[in-house]
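These notes concern the structure reproduced below.
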Amino acid sequence: MMKLGFLSQVSAWFKIVKDDAIILYYAWKHPRTPPYIKALLVAIIAYVFSPIDILPDYLPLIGMADDAVLLPTAIITITKLLPASVLDECYRESMKWRKRVPWLVITIAILMLIWLILSLIGLGYLISK
């Protein structure tokens, strides 16, 4: 019974992050989004795609941990910083799009799982040598 509660909480959290990410996409394009919000979006995207990390990605599990914590936290925090009028407009726009791409989250999860498996295989190979 406790596992179902935990899984439902994790599922709800993923839904919030996904919904906020879509809202931020529309906020990026919105003319009344404050420049500091756009600067934060650029900074977080640059960090995710930058080869420089707090913890290097080649460290299995630990290397992805900073990205796995930082990105969702930044998405939720930046969404909360949006002015209410911009947030409402972007939310309404995002509702149209959310219904069309539920496969996106599944695709990302599968890619992350593949990366994790390959990392563990690589780590096993390095340990065996």
Side-chain angles (χ1 to χ4, degrees):
M1 184 87 157
M2 180 172 261
K3 284 190 175 190
L4 290 177
F6 174 74
L7 290 177
S8 65
Q9 288 177 351
V10 169
S11 175
W13 183 76
F14 274 121
K15 184 181 180 330
I16 290 169
V17 171
K18 177 191 69 139
D19 293 346
D20 284 0
I22 296 168
I23 289 171
L24 289 177
Y25 168 76
Y26 285 103
W28 173 260
K29 298 182 341 178
H30 198 283
R32 289 195 327 259
T33 299
Y36 70 92
I37 299 282
K38 290 185 177 186
L40 288 171
L41 289 172
V42 167
I44 195 66
I45 290 169
Y47 176 77
V48 168
F49 288 109
S50 169
I52 301 170
D53 274 342
I54 294 171
L55 298 171
D57 286 341
Y58 60 81
L59 297 172
L61 299 176
I62 297 171
M64 287 179 35
D66 64 329
D67 294 336
V69 171
L70 181 67
L71 186 60
T73 304
I75 287 171
I76 292 170
T77 304
I78 295 171
T79 302
K80 289 181 180 182
L81 293 174
L82 285 171
S85 62
V86 173
L87 180 61
D88 289 341
E89 289 178 34
C90 294
Y91 177 81
R92 278 187 260 121
E93 274 298 311
S94 72
M95 289 305 291
K96 299 173 193 171
W97 195 70
R98 285 184 211 183
K99 296 175 185 174
R100 293 184 280 183
V101 290
W103 55 268
L104 182 62
V105 173
I106 294 169
T107 303
I108 291 171
I110 290 170
L111 290 174
M112 288 179 69
L113 183 62
I114 290 169
W115 188 93
L116 178 63
I117 290 168
L118 291 175
S119 295
L120 292 174
I121 291 170
L123 179 63
Y125 176 76
L126 288 175
I127 290 174
S128 69
K129 289 290 177 176

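Qualifying side-chain contact (heavy atoms from CB on, under 4.5 Å) partners for Leu126, counting only residues two or more places apart in sequence or in other chains: none. Contacts of Ile117 classified as side-chain contact (heavy atoms from CB on, under 4.5 Å), with partners at least two apart in sequence or in another chain: Leu113, Ile121. Residues passing the side-chain hydrogen bond (donor to acceptor under 3.5 Å, both in side chains) test with Glu93 are Lys96, sequence neighbours excluded. Applying the salt bridge (charged side-chain N to carboxylate O under 4.0 Å, His left out) criterion to Lys38, with sequence neighbours excluded, gives no partner residue. Here Leu120 pairs with Leu116 under the side-chain contact (heavy atoms from CB on, under 4.5 Å) rule; sequence neighbours left out. Ser11 is linked by a side-chain hydrogen bond (donor to acceptor under 3.5 Å, both in side chains) to nothing, counting only residues two or more places apart in sequence or in another chain.
Leu123 forms part of a hydrophobic cluster together with Ile127, judged by ILVMFWY side-chain heavy-atom separations under 4.5 Å. Grouping Ile, Leu, Val, Met, Phe, Trp and Tyr residues whose side-chain heavy atoms lie under 4.5 Å apart, directly or via other members, leaves Leu111 alone, with no other cluster members.
Interatomic distance, SG of Cys90 versus CD1 of Ile23, reported as 7.5 Å (0.5 Å rounding). Annotation: the span from Tyr91 atom OH to Ile22 atom CD1 amounts to 11.0 Å, rounded to 0.5 Å. Distance check, rounded to the nearest 0.5 Å: CH2 of Trp28 to CD1 of Ile45 gives 7.0 Å. His30 NE2 to Ile37 CD1: the interatomic distance, rounded to the nearest 0.5 Å, is 12.5 Å. To the nearest 0.5 Å, atoms OG1 (Thr33) and CG (Leu40) are separated by 12.0 Å.
Sorted by first then second residue, the salt bridge (Lys or Arg N to Asp or Glu O under 4.0 Å) pairs that include residues 21-35, not counting sequence neighbours, are Arg32-Glu89.
Heavy-atom contacts from other residues, nucleotides or ligands closer than 6.0 Å to CE of Met112 number 12 or fewer. The number of heavy-atom neighbours closer than 6.0 Å to OH of Tyr36, taken from other residues, nucleotides and ligands shown, is above 12.
Under the 4.5 Å side-chain heavy-atom criterion for Ile, Leu, Val, Met, Phe, Trp and Tyr, Ile110 and Ile108 are members of distinct hydrophobic clusters. No continuous path of hydrophobic side-chain contacts links Trp115 to Leu118 [ILVMFWY only; heavy atoms under 4.5 Å]. One hydrophobic cluster, built from ILVMFWY side chains closer than 4.5 Å, holds both Trp13 and Ile44.
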Side-chain donor-acceptor distances from residues 71-79 under 3.5 Å, at least two apart:
from	atom 1	to	atom 2	distance (Å)
Thr73	OG1	Val69	O	2.7
Thr77	OG1	Thr73	O	2.7
Thr79	OG1	Ile75	O	2.7

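The pair Arg92-Asp88 does not count as a salt bridge, with every side-chain nitrogen at least 4.0 angstrom from each carboxylate oxygen.
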